[in-house]
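Below: one structure, written as structure tokens.
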Amino acid sequence: MTSPSTPNLPTSAGTPTPSSARPASRPRRVLGNLVSALAVVLVWVTLTAPSPTLGWSPTPLSLLRIPAEGIVVVSVLLLLRPAAAAWFAVAIGLVLGVLLVVRILDAAFLDTLYRPFNPLTDWRYAGSATQLLGDSAGLVTAALAVAGTGLLVLGLVALTPLALRRVARLLRRHRGVAWPALVVATVLWVASASLGVHVTPDLALASSSTAALTVHEVTTVRDGVRDREAFAAQIPVDAFRTTPPGDLLTALRGKDVVIVFVESYGKVAVAGSPDVARALRAGTSALGTSGYAVRSAWLTSPTFGGVSWLAHSTLQSGLWVSSQQRYDQLLDTAAPDGATSPRLTLARTFSRAGWRTVDVIPANRRDWPEGKAFYGYDEVYDSRTLGYRGPGFGYAPMPDQFTLSALDRLELERHPTGGRPPVMAEVDLVSSHVPWAPLPRLVGWPQIGDGSVYLAQAGTATPRDTVWATTQGVRTAYGQTVAYSLDSVVSFLRATHDDNLVVLMLGDHQPISLVSGDHASHDVPVSLIARDPAVVDRISGWHWQDGLRPGPDAPVWPMDHFRDRFLTAFGRSAGG
């Protein structure tokens with residue numbers, strides 16, 4: 001008789017197995033096989049997933065391709081010793097995980113901003129995107145989306161090396177199958193590459209997408225470094241920097257000048273929205289009746305679908321600010337007081353010539369020191385200082401009509417006529433910002449006050465969930481919000497008693513591709529509006545068209561060309 005501590009001895013049937021171990025081994029084997037299969041799938045996806053950056057459309061058929069990188073990786077794993085193969089798998093797995101994240105980000109950026117993800121600077125948009133989502137869809141939705149995105153990114157980067165290590169162990173255990181399979185895959189890759197066999201019209205059976213994406217990302221980083229040097233050389237080259245103040249903006253002396261940016265007001269709104277067409281037609285007629293002359297054309301924006309500050313800085317500086325890197329670089333040239341900035345913005349030009357300069361940014365909720373340090377504004381108004389006491393409408397914390405009313409109350413009518421310097425203002429109208437719902441309605445100008453009148457509209461407009469139920473619903477709502485912004489500007493101009501008011505109204509960029517469609521241009525409408533015919537006569541050589549609606553044959557300028565042409569048309573000389 002054996003004691004409890006005595007081990008079981010071999011019998012004729014072999015080493016006994018505890019009764020509880022046998023049934024437990026099957027679930028472990030099933031789980032192990034499942035994990036191995038998932039590891040193989042994850043690695044295969046990282047090797048074959050198409051890159052939107054390179055023009056390859058995402059499709060499940062991409063999994064049927066033969067990746068050259070997979071052949072190389074498997075060969076190395078089979079040739080290396082186990083310890084070395086494990087470290088190789090971790091290193092390559094990290095690269096593959098990061099590249100899969102880049103593919104996902106590329107697809108997201110192409111869907112919204114019509115360009116691929118830039119690894120040098122675009123990570124900085126995380127905060128802005130979170131705030132935008134919170135303003136548009138609520139804080140809970142934003143928090144869940146951020147958490148989910150973070151987990152996805154970390155999961156892919158962390159799990160891919162572990163998956164490739166598991167694949168390496170499988171290859172070592174099944175060398176007898178792995179080597180012949182590798183030879184067959186190599187022969188098939190060479191044959192399909194030679195014959196030009198395709199899975200889909202834009203996806204070859206013989207794949208090298210991971211290598212191509214790696215080269216593209218390395219090239220992007222290299223080009224970004226070179227662009228930084230090239231842009232640094234462009235910034236100080238400013239024909240107007242040394243122009244005497246007395247020669248600046250002489251044809252606008254004594255006039256209030258307001259630059260109105262209408263959010264997402266792009267060419268697609270003019271060409272495709274019946275609501276915008278109605279607003280432009282009615283607005284042109286109403287402004288004409290009120291004694292205004294209007295000329296319109298197109299500007300090509302440096303951005304698409306968002307990142308509005310690139311368009312604002314391009315118009316103001318006369319430089320093509322097409323990336324976050326260029327924007328940061330441009331603003332970094334300003335000293336804390338802006339005195340030594342080598343670039344003359346429109347706002348600083350007006351300030352030198354004797355205007356009081358203000359910026360009205362209703363969507364801002366925090367201090368923005370660059371407004372004074374670089375742009376040269378005397379005052380910056382935001383959501384905290386405009387005095388609004390009503391409800392928000394989607395992304396917009398206040399309706400555009402209130403924003404214009406606040407500008408009038410705080411600046412244009414603050415002093416009696418002739419008792420203040422002329423005002424130059426940039427105003428951002430954001431009611432037409434995604435998600436384009438809910439939409440406010442115009443009220444009588446005397447009723448606006450502190451915005452409490454809009455409380456009656458809370459909950460009565462079509463909610464964003466209804467709008468976003470269909471693509472057509474989104475496109476219709478987009479047009480309606482742009483029309484509302486245009487109606488607000490026209491109504492404001494008709495209500496003001498400032499006969500010396502000059503308004504430049506333009507879009508900042510086209511809306512996201514869901515609305516704009518594929519292969520849309522970067523063009524946005526621009527209109528100059530003034531009661532004084534002498535102002536409009538100064539731009540007769542521009543050949544802009546009459547009315548608020550530019551036609552398809554209206555002039556098209558890159559947005560960075562506007563500053564110099566404007567200062568030339570309304571100044572005494574081009575400086576130098």
Side-chain angles (χ1 to χ4, degrees), residues 14 25-51 54 56 58-104 155-200 202-218:
S25 64
R26 183 172 297 173
R28 284 199 296 269
R29 285 199 303 270
V30 171
L31 180 61
N33 291 336
L34 177 61
V35 171
S36 296
L38 292 174
V40 171
V41 169
L42 176 58
V43 172
W44 191 258
V45 168
T46 64
L47 291 167
T48 59
S51 172
L54 304 177
W56 300 327
T59 170
L61 294 177
S62 66
L63 300 177
L64 301 179
R65 298 184 298 160
I66 305 170
E69 302 86 356
I71 294 173
V72 174
V73 169
V74 170
S75 300
V76 174
L77 290 174
L78 288 172
L79 291 171
L80 290 176
R81 294 179 180 275
W87 283 109
F88 176 79
V90 170
I92 296 301
L94 281 172
V95 173
L96 293 177
V98 169
L99 289 176
L100 183 57
V101 171
V102 168
R103 288 179 171 101
I104 295 171
L156 290 175
V157 174
L159 290 177
T160 306
L162 298 177
L164 192 53
R165 283 193 63 173
R166 193 172 188 92
V167 170
R169 291 197 296 269
L170 288 174
L171 291 172
R172 288 199 303 273
R173 286 204 300 265
H174 302 284
R175 284 177 175 273
V177 177
W179 277 113
L182 184 64
V183 172
V184 171
T186 304
V187 171
L188 286 175
W189 192 95
V190 173
S192 58
S194 302
L195 297 174
V197 179
H198 280 66
V199 176
T200 67
D202 62 344
L203 288 176
L205 178 61
S207 166
S208 57
S209 61
T210 301
L213 180 60
T214 302
V215 170
H216 177 271
E217 294 304 317
V218 171

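Values reported hereafter were calculated over all heavy atoms of this structure, with side chains retained and with hydrogens, waters and symmetry mates removed.
Taking the side chain as every heavy atom from C-beta outward, Phe88 and Val73 approach each other to under 4.5 Å. Between Val35 and Leu31, the closest side-chain pair of non-hydrogen atoms falls below 4.5 Å. With a 4.5 Å cut-off on side-chain heavy atoms, Leu164 and Leu77 count as touching.
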Before giving the answer on side-chain contact (heavy atoms from CB on, under 4.5 Å), spell out for Leu42 and Leu156 the whole-Å C-alpha distance, their side-chain angles and the decisive distance to 0.1 Å. CA-CA 9 Å; Leu42 176 58; Leu156 290 175; 4.2 Å; yes

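Thr200 meets the side-chain hydrogen bond (donor to acceptor under 3.5 Å, both in side chains) test with Asp202; sequence neighbours excluded. Judged as a side chain to side chain contact (heavy atoms under 4.5 Å, CB included), and not counting sequence neighbours, the contacts of Val197 are Ser192, Leu195, Leu205. Every residue two or more places apart in sequence or in another chain that forms a side chain to side chain contact (heavy atoms under 4.5 Å, CB included) with Val45 is listed here: Val41, Ala49, Leu63, Leu100. Listed by chain and residue number, Ser36 satisfy the side-chain hydrogen bond (donor to acceptor under 3.5 Å, both in side chains) test with Arg166 (two or more places apart in sequence, or in another chain).
Separating the CG atom in Leu80 from the OG atom in Ser75 is a distance of 10.5 Å, to the nearest 0.5 Å. The CG atom of Leu99 lies 10.0 Å from the CG atom of Leu47; values are rounded to the nearest 0.5 Å.
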With a cut-off of 3.5 Å and sequence neighbours excluded, list every side-chain donor-acceptor pair involving residues 171-180.
{"residue": "Arg175", "atom": "NH1", "partner": "Leu78", "partner atom": "O", "Å": "3.0"}
{"residue": "Arg175", "atom": "NH2", "partner": "Leu78", "partner atom": "O", "Å": "3.1"}

Donor-acceptor pairs under 3.5 angstrom involving side-chain atoms of residues 181-189: please list them, not counting sequence neighbours.
{"residue": "Thr186", "atom": "OG1", "partner": "Leu182", "partner atom": "O", "Å": "2.8"}
{"residue": "Trp189", "atom": "NE1", "partner": "Ile66", "partner atom": "O", "Å": "3.3"}
{"residue": "Trp189", "atom": "NE1", "partner": "Ser207", "partner atom": "O", "Å": "3.2"}

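Screening Leu96, Leu94, Val95 for a side-chain contact (heavy atoms from CB on, under 4.5 Å) involving Val157 leaves a single residue, Leu94.
The side chain to side chain donor-acceptor pair (under 3.5 Å) contacts involving residues 77-103 comprise Arg103-Thr210, where partners must be two or more places apart or lie in separate chains.
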